[in-house]
Amino acid sequence: MEVKARAPGKIILAGEHAVVHGSTAVAAAIDLYTYVTLHFPLQSAKNNDKLTLQLKDISLEFSWSLDRLKEAIPHNSTTLCPSKPTSCSDETLKSIAVLVEEQNIPEAKIWLSSGISTFLWLYTSILGFNPATVVINSELPYGSGLGSSAALSVALTAALLASSSSDKARSGGWLSLDETNLELLNKWAFEGEKIIHGKPSGIDNTVSSYGNMIKFCSGEITRLQSNMPLRMLITNTRVGRNTKALVSGVSERKRRHPEAMNSLFNAVDSISKELATIIQSKDETSVTEKEESIKELMEMNQGLLQSMGVSHSSIETVIQTTVKHKLTSKLTGAGGGGCVLTLLPTGTVVDKVVEELEASGFQCFTASIGGKGAQICY
Ligand SMILES: Nc1ncnc2c1ncn2[C@@H]1O[C@H](COP(=O)(O)OP(=O)(O)O)[C@@H](O)[C@H]1O
Ligand SMILES: C[C@@](O)(CCOP(=O)(O)O)CC(=O)O
Ligand SMILES: [Mg+2]
């Protein structure tokens with residue numbers, strides 16, 4: 001039997017980091033996906049005593065005997081409960097880290113460890129100790145602010161829940177999930193994100209699960225209906241960074257300067273709310289005026305992110321380059337490198353700015369904004 005799922009990456013239009021501290025943020029799905037395929041061996045097959053993970057896009061394979069997993073991961077064989085998401089305890093996470101270490105991940109790819117821990121936790125919590133080969137393929141750059149961690153948790157959980165469900169109408173095409181299943185998927189995926197991010201806000205797994213564009217504040221989700229064209233250039237600085245470290249850096253700064261940081265978070269909250277209002281507005285304001293307001297809000301948000309300590313010289317270079325072309329940019333995701341968004345107002349020709357950015361070693365692309373969320377295929 002085979003089950004497939006896919007989940008999109010995302011851009012955060014406003015509010016990253018502040019959203020971890022209770023501010024509003026606005027995010028949209030993009031049309032770059034992580035794909036997960038589960039293959040279950042026949043009882044008679046020779047590999048029916050193993051769990052194998054194949055990361056296709058980076059040509060790596062990891063494998064554990066089911067006996068080793070059962071021995072290492074604390075479990076209660078009678079209480080597998082896919083419909084009740086639970087958190088991974090510190091004790092279980094330590095045991096899983098040992099299982100990951102035993103795989104001798106190449107030093108240059110050691111950043112995969114938390115993703116593989118998430119994999120083991122979600123798999124064994126939802127499907128228990130059953131044999132399978134899990135194939136993962138991602139179109140998203142890793143650790144670049146486009147939510148590869150959330151797309152992994154969402155796509156994997158969607159495939160696991162689909163395979164554990166009794167209701168498998170074979171269709172051959174991509175199917176979206178109903179509200180109840182989306183809610184369950186999103187809760188499990190959040191538990192997966194916690195292993196990778198430490199203290200996630202939940203916005204990334206939510207937008208990857210639900211798709212489209214959302215306003216998010218302390219777990220409250222508002223789906224947004226955009227009433228204007230919104231085009232963004234995405235520039236990957238190719239500077240690697242890690243969301244967990246950046247999020248904890250902001251918390252440290254908040255601990256040192258609580259009042260000042262709370263003022264920054266409040267300002268971000270206002271920016272995100274205003275952005276959501278503009279995007280949805282059906283009033284007479286022209287698209288050009290709306291784009292001018294969005295430009296200003298992005299500029300202010302970037303200034304506040306810089307004050308939180310999450311910008312980077314590569315991000316500043318992208319901003320300065322795009323300013324020369326009268327375009328406005330802000331970092332997206334955790335910052336510290338990673339990707340930068342540049343608003344492309346109606347009629348913008350991007351060739352010259354892209355040429356200049358790519359000459360500096362950056363990678364530019366446009367992605368379609370606000371597409372579908374998680375989907376499954378039998
Ligand atoms: N397809 C994948 N397979 C294994 N791990 C993954 C995958 N996608 C993401 N990850 C994990 O997520 C981490 C990147 O997440 P993060 O730092 O939050 O950045 P982002 O979510 O912006 O890509 C990687 O270092 C890796 O541990
Ligand atoms: C910085 C943050 O707001 C977004 C992180 O996104 P990413 O992992 O860099 O794609 C963290 C969060 O909201 O959990
Ligand atoms: Mg992430």
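One-based numbering, in listed order, for ligands and for the atoms of each. Remember, predicted model here, so these are calculated numbers, not experimental data.
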Using a strict 4.0 Å cut-off to heavy atoms of His197, name the atoms of ligand 2 that fall inside it. 5 (C), 8 (O), 14 (O)
Check each of Cys339, Gly115, Gly145 against atom 11 (C) of ligand 1 and report the one with the nearest heavy atom. Gly115
Using the benzene-type ring in the case of Trp, are the ring centres of Phe265 and His17 under 6.0 Å apart? no
Can you tell me which portion of Leu246 lies within the under-4.0 Å heavy-atom range of ligand 2? Options are side chain, backbone, both, or neither. neither
For Ile136, the ligand 1 atoms whose distance to one of its heavy atoms is below 4.0 Å: 1 (N)
Looking at atom 13 (C) of ligand 1, what's its closest protein heavy atom, distance included? Ile196 CG2, 4.0 Å
Would you mind listing every salt bridge (Lys or Arg N to Asp or Glu O under 4.0 Å) that reaches into residues 218-244, with sequence neighbours excluded? Glu179-Arg223
Below 3.5 angstrom, do we get any N/O pair linking Asp204 and ligand 1? no
Do NZ/NE/NH1/NH2 and the carboxylate oxygens of Asp90 and Lys94 come within less than 4.0 Å? no
Say whether Glu193 and ligand 2 are in contact under the criterion: heavy-atom distance to a ligand atom below 4.0 Å. no
Could you check which of Met308, Lys244, Glu16, Arg241 puts a non-hydrogen atom nearest to atom 9 (O) of ligand 2? Arg241
Do me a favour and list the nearest non-hydrogen protein atom to atom 8 (O) of ligand 2 with residue, atom name and distance? Thr243 OG1, 2.9 Å
Under 4.0 Å from any heavy atom of Ser114, which atoms of ligand 1 are there? 27 (O)
Return a yes/no value for Ser138: is any of its N or O atoms, backbone included, closer than 3.5 angstrom to an N or O of ligand 1? no
If only protein N, O or S atoms under 2.8 Å count, total around the Mg ion (ligand 3): 2
Atom indices of ligand 1, in the order listed, that fall short of 4.0 Å to a heavy atom of Leu55: 3 (N)
Report yes if some heavy atom in the side chain of Ser329 is under 4.5 Å from a heavy atom in the side chain of Leu341; otherwise report no. no
Short N or O distance, Gly143 and ligand 1, threshold 3.5 Å exclusive: yes
Of Trp111, Tyr142, Phe119, the residue with the heavy atom nearest atom 26 (C) of ligand 1 is Trp111
Checking a contact table here: which protein heavy atom is nearest atom 9 (C) of ligand 1, and how many Å away? Ser148 OG, 3.1 Å
For atom 12 (O) of ligand 1, what is the nearest protein heavy atom, given as residue, atom name and distance? Ser149 CB, 3.6 Å
By the definition side-chain contact (heavy atoms from CB on, under 4.5 Å), identify the one residue from Leu122, Val100, Ile196, Leu112 that meets it with Ser117. Val100
Which protein heavy atom lies closest to atom 10 (N) of ligand 1, and at what distance to 0.1 Å? Leu152 CD2, 4.0 Å
Identity and distance of the protein heavy atom lying nearest atom 2 (C) of ligand 2: His17 N, 4.0 Å
Looking at Leu146, which atoms of ligand 1 are within less than 4.0 Å of one of its heavy atoms? 22 (O)
Which of the atoms of ligand 2 are close to Gly333, meaning less than 4.0 Å from one of its heavy atoms? 6 (O), 9 (O)
Within the 3.5 Å criterion, strictly below it, is a donor on Ser209 or Thr206 matched to an acceptor on the partner's side chain? no
For ligand 1, which atoms have a heavy atom of Leu112 less than 4.0 angstrom away? 4 (C), 5 (N), 27 (O)
Just which atoms of ligand 2 are under 4.0 Å from any heavy atom in Leu146? 10 (O)
Taking C-beta and beyond as the side chain, do Thr24 and Lys215 meet within less than 4.5 Å on heavy atoms? yes
Would you kindly specify which portion of Lys194 sits under 4.0 Å from ligand 2, judged on non-hydrogen atoms: side chain, backbone, both or neither? neither
Show which atoms of ligand 2 fall inside a sub-4.0 Å distance from at least one heavy-atom site of Ile203. 13 (O)
At a non-hydrogen distance cut-off of under 4.0 Å, which region of His197 contacts ligand 1 (side chain, backbone, both, or neither)? side chain
Asp57 and Tyr142: side chain donor to acceptor below 3.5 Å: yes
Going by heavy-atom distance to atom 13 (O) of ligand 2, choose the closest among Pro200, Ser201, Ala150. Ser201
Atoms of ligand 1, numbered as shown, that sit under 4.0 Å from any heavy atom of Arg241: 17 (O), 19 (O), 22 (O)
Give the contacting part of Ser144 toward ligand 1: side chain, backbone, both or neither, where contact means a heavy-atom distance below 4.0 Å. backbone
Considering non-hydrogen atoms of the protein only, which is the closest contact for atom 16 (P) of ligand 1, and what is the distance? Thr243 OG1, 3.2 Å
Geometric N/O contact Ser113 with ligand 1, under 3.5 angstrom: no
Within the structure, does Thr34 bring an N/O atom to less than 3.5 angstrom of an N/O atom in ligand 1? no
